[in-house]
Amino acid sequence: MVNQKIIIMDFSTQEVHIFPYDPNIWESGEAFLIEHYSEHGQTFKESQCQWMIVDLHKTEERLPLYIH
């Protein structure tokens with residue numbers, strides 16, 4: 001079972017998005033970013049976003065997000 005999440009920081013809207021991510025469906029994080037839509041129906045723009053993929057098996061089923 002794939003248990004990964006992709007975290008997208010969208011600097012144009014100042015939002016952070018967390019989606020389920022399946023490497024069997026998506027070729028890469030870039031492909032997901034280009035083809036997926038935000039809640040507002042807008043496509044993400046690579047030049048205005050950063051992303052990372054988190055494997056929840058390696059992080060003990062927790063998202064490694066910390067608010068300081």
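T59 OG1 to K5 NZ: the interatomic distance, rounded to the nearest 0.5 Å, is 10.5 Å. Interatomic distance, CG of L33 versus CH2 of W51, reported as 8.0 Å (0.5 Å rounding). For the atom pair CD (E15) and CD1 (I8), the distance works out to 11.0 Å, reported to the nearest 0.5 Å.
Side-chain heavy atoms closer than 4.5 Å link hydrophobic residues (I, L, V, M, F, W, Y) into clusters, and following such links, even through other members, never connects M9 to I53. Hydrophobic cluster membership differs between V16 and I6, with clusters built from Ile, Leu, Val, Met, Phe, Trp and Tyr side chains linked at under 4.5 angstrom.
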With a 3.5 Å cut-off and sequence neighbours excluded, list the donor-acceptor pairs that the side chains of residues 18-29 form with protein atoms.
from: D22; atom 1: OD1; to: N24; atom 2: N; distance (Å): 2.8
from: D22; atom 1: OD1; to: N24; atom 2: ND2; distance (Å): 3.2
from: S28; atom 1: OG; to: E30; atom 2: N; distance (Å): 3.4
from: S28; atom 1: OG; to: E30; atom 2: OE1; distance (Å): 3.2
from: S28; atom 1: OG; to: A31; atom 2: N; distance (Å): 3.2

Would I7 and L65 satisfy side chain to side chain contact (heavy atoms under 4.5 Å, CB included), going step by step from the backbone distance to the final call?
-> CA-CA 10 Å; I7 301 168; L65 299 175; 3.9 Å; yes
Could you walk me through whether T43 and I34 pass the side chain to side chain contact (heavy atoms under 4.5 Å, CB included) check?
-> CA-CA 7 Å; T43 56; I34 296 168; over 6 Å; no
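Across all non-hydrogen atoms, the minimal contact from N3 to D55 is O-OD1, 3.7 Å.
At most 12 non-hydrogen atoms from other residues, nucleotides or ligands lie less than 6.0 angstrom from CD of Q50. Within 6.0 Å of atom CD in E61, more than 12 heavy atoms from other residues, nucleotides or ligands are found, so the atom counts as buried in its surroundings.
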